[in-house]
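The block underneath contains the structure these notes are about, expressed in structure tokens.
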Protein chains: 2
Amino acid sequence: MPSGFAQAELIAVLVAVTDNEPRVMTLRAGEALPSGPFETDHRSLQAGLRAWIESQTGHPVGYLEQLYTFADRDRDPRKHEEGGNPRPISIGYLGLVREQEAPGAGQPSWHSWYQYFPWEDHRDRRPDVLEAILADLDDWAKDGALRRQRIDYLFGLKGKPWNEDLTLQRYELLFESGLADWADKRENPELGRPMTGDHRRILATGITRLRSKIKYHPVVFELMPDSFTLLHLQRTVEALSGLRLHKPNFRRQVDQQKLIEETGEMSNGTGGRPAKLFRYRPAILEAQVLSNVRLSVSRH
Amino acid sequence: MPSGFAQAELIAVLVAVTDNEPRVMTLRAGEALPSGPFETDHRSLQAGLRAWIESQTGHPVGYLEQLYTFADRDRDPRKHEEGGNPRPISIGYLGLVREQEAPGAGQPSWHSWYQYFPWEDHRDRRPDVLEAILADLDDWAKDGALRRQRIDYLFGLKGKPWNEDLTLQRYELLFESGLADWADKRENPELGRPMTGDHRRILATGITRLRSKIKYHPVVFELMPDSFTLLHLQRTVEALSGLRLHKPNFRRQVDQQKLIEETGEMSNGTGGRPAKLFRYRPAILEAQVLSNVRLSVSRH
DNA sequence: TCCATTATACTCGAAATGAGTACTCTGGGT
DNA sequence: ACCCAGAGTACTCATTTCGAGTATAATGGA
């Protein structure tokens, strides 16, 4: 019986938020996530990936977390024909880096993740693409009441609330239903930009993980510059969650948790009244704070 | 530059709760977690592991979730000397199975996980072993205020609450401090039973994951028989979390979430008044229910 | 018959949550 | 000089959830 030797590959979902857009680092004109072979001369997976990313991008990675290890035979249908290749094991990571300036020439590019998942951005309104998708799904839903229920639950229909954490599950449903093919060649703008292989699924995994993580762990600050205004912080959380939040409540919670402190300086107001600048509190307990950053949603 | 080929290995943390004790499946007289090479003739990691476990144990696995992929060079210090071996990549899984009867001869054995982590069981009282451990740690804590704070936070000292979810972090601290060696050969009963290699760390990862998972996802029911009393359910959650819960509040929450329904039958009371039997509600939305099974702790 | 043990039904105050209102600065246009 | 748009900041208020405690009901065994 053939026993498991396989090539190990690391794949990174690198996220930054610039101009209130959540962006992900991509290669090949936005078609692929950065990835590379696992070099055996590093102490650990984590250390190896960190070094590799920093050499590739020049940006330090503030936060790095393992996402998932993929090794399904049918991960990438293109490989099916090629036969004898050992099945690759891919270890996905989620990394957070601070705001990026415009990338230099030849540099990797950062794309808003809503290019890949346009139906996930609910900041202004329920996105229009959703209607188109749901219309397409109606057909698929005819085959059973459970399908209908699942759609209603995942997309917040029939009075059920939209749950921003379910990005991966929604993507999986679209895939199951045949709407989103592995590498979708059709020009269906409502289905979002495709990626190579299963990279888009890995991105969805990263988004789902990050969206749920910000609710109970202060990782947002890994995406913020040294000092920022409360609105800037709120806009960043909104960008990630794809939701609009209630300003007074957001502020109340942020300072209840004592995670930030005033720098003493004011912002040179971009719009109205100048705002106090804050900094992340030199977190004595680091990752230890339980910080329940609940998101209080609200239109308007 | 040597690039990554490695042997892939699956390691399972298989959990069941019997007699109000959380048990984990072990091999070699409780010294190792079950593990095996990743066979390439399975469709996916998940499917491969499931088949393998069922053939090994005869028990179906209700719930299976990937834990973490380990590949640190210094995972197992014994390997350091041996040189040229490719570094193994181990993919850890958490699996839940229903209550087990006594194991047959030659069968794998199930041990309470508190044998390995005696300081994690706070159901009756703060365990005595904790005092011994904390005394040992005091020495280590002298080297910096942050160490002191970390200890206080992880072990719930100085008015801070005991947080049952931090099993892994506590184990890591014990390891860092030199108290728990990889394979602790000393006969320190307060440090718990050792395991081969990094198996005990993997077990800690599983416990941490399960303890936090039961709070927002109805996985407990994968450990319950078809019908059960409310107290039985409570005792199971208590066994996993290592905490004592407040009975009225536990009941209130359980039926607010509408996850269970009466079977109509009563238990043939083991103690006092007979109790209604319940069953898990044929969960229409399956994993989709958000079920905030908050644990309301309380002595007494 | 008393009692230990479990089941089950309430109460009550504190805290957290969701939603809304009002008032304060600032710069830019008219 | 005045107004106003855009942002900041301080409250209020009803509802829900949470943590903790009390009271009463049904069993079986000493």
Side-chain angles (χ1 to χ4, degrees), chain A residues 20 124 159 161-164 215-216 227-238 241 243-278 290-300, chain B residues 20 122 124 156 159 161-164 215-216 227-238 241 243-278 290-300:
Chain A
N20 300 331
D124 296 327
W162 169 266
N163 184 342
E164 79 280 4
K215 287 197 263 191
Y216 59 89
S227 81
F228 47 85
T229 69
L230 289 179
L231 186 59
H232 184 185
L233 181 63
Q234 182 181 339
R235 292 282 179 250
T236 303
V237 174
E238 288 173 341
S241 64
L243 297 174
R244 201 50 81 185
L245 305 181
H246 184 273
K247 205 197 286 195
N249 291 349
F250 180 80
R251 285 154 174 266
R252 174 172 63 190
Q253 283 179 315
V254 168
D255 69 33
Q256 265 176 3
Q257 310 183 204
K258 307 237 183 85
L259 289 176
I260 61 178
E261 61 191 4
E262 303 184 10
T263 64
E265 313 192 9
M266 305 290 277
S267 79
N268 41 347
T270 47
R273 170 176 168 181
K276 288 178 188 158
L277 284 173
F278 292 82
L290 307 198
S291 93
N292 238 34
V293 186
R294 282 289 162 74
L295 305 172
S296 22
V297 192
S298 123
R299 324 274 140 221
H300 188 257
Chain B
N20 300 332
H122 288 228
D124 296 326
W162 168 266
N163 184 342
E164 80 279 6
K215 286 197 264 190
Y216 59 87
S227 81
F228 48 85
T229 69
L230 288 180
L231 187 60
H232 184 185
L233 181 63
Q234 182 181 341
R235 292 280 178 253
T236 303
V237 173
E238 288 173 341
S241 64
L243 296 174
R244 202 50 80 187
L245 305 182
H246 184 272
K247 205 197 287 194
N249 290 349
F250 180 81
R251 285 153 174 268
R252 173 173 62 189
Q253 284 179 314
V254 168
D255 68 34
Q256 266 176 1
Q257 310 182 205
K258 311 238 183 86
L259 289 175
I260 61 178
E261 61 190 5
E262 303 184 11
T263 64
E265 311 192 11
M266 305 290 278
S267 80
N268 40 347
T270 49
R273 168 175 170 183
K276 288 178 187 157
L277 285 172
F278 293 82
L290 308 198
S291 91
N292 238 34
V293 186
R294 282 288 161 75
L295 305 172
S296 22
V297 193
S298 124
R299 328 272 139 219
H300 179 265

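The sequence lines fix the lettering, A, B, ..., with proteins before strands; numbering per chain opens at 1.
Of the side-chain N and O atoms in A/Lys247, one or more sit less than 4.0 angstrom from OP1 or OP2 of D/dG8. Checking the phosphate oxygens (OP1, OP2) of C/dT17, a side-chain nitrogen or oxygen of A/Gln253 falls inside 4.0 Å.
Between A/Leu230 and A/Asp255, every side-chain heavy-atom pair lies at or beyond the 4.5 Å cut-off. Considering only heavy atoms from C-beta on, A/Glu164 comes within 4.5 Å of A/Lys215 through its side chain.
Between B/Leu231 atom CG and C/dT8 atom P the separation is 10 Å, expressed in whole Å. In this structure, A/Phe228 atom CZ and D/dA7 atom C1' are separated by 18 Å, rounded to whole Å. The nearest whole Å value for the distance from the CG atom in B/Leu230 to the P atom in C/dT6 is 14 Å. In this structure, A/Asn249 atom CG and D/dT16 atom P are separated by 16 Å, rounded to whole Å. For the pair B/Asp255 CG and C/dT8 C1', the computed distance is 11 Å after rounding to whole Å. Atom CZ of A/Arg273 and atom P of C/dG28 are 18 Å apart (whole Å). Rounding to whole angstrom units, CG of residue B/Leu243 and P of D/dG19 are separated by 12 Å. In this structure, the CZ atom of A/Arg251 is 18 Å from the P atom of C/dG20, given to the nearest Å.
With C/dT17, D/dT22, D/dA25 as the choices, the nucleotide that has an atom nearest any side-chain atom of B/Pro248 turns out to be D/dT22. For B/Pro274, the listed nucleotide lying nearest its side chain is D/dT27; candidates were D/dT27, C/dA7, D/dG8. With C/dA7, D/dA20, D/dG8 as the candidates, the nucleotide lying closest to the side chain of B/Arg252 is D/dA20.
B/Asn249 contributes atom CG, which lies 10.0 Å from atom CD of B/Gln234 (distance to the nearest 0.5 angstrom).
Nearest heavy-atom pair, B/Thr229 versus B/Ser267, reported as atom, atom and distance to 0.1 Å: CG2-CB, 3.7 Å.
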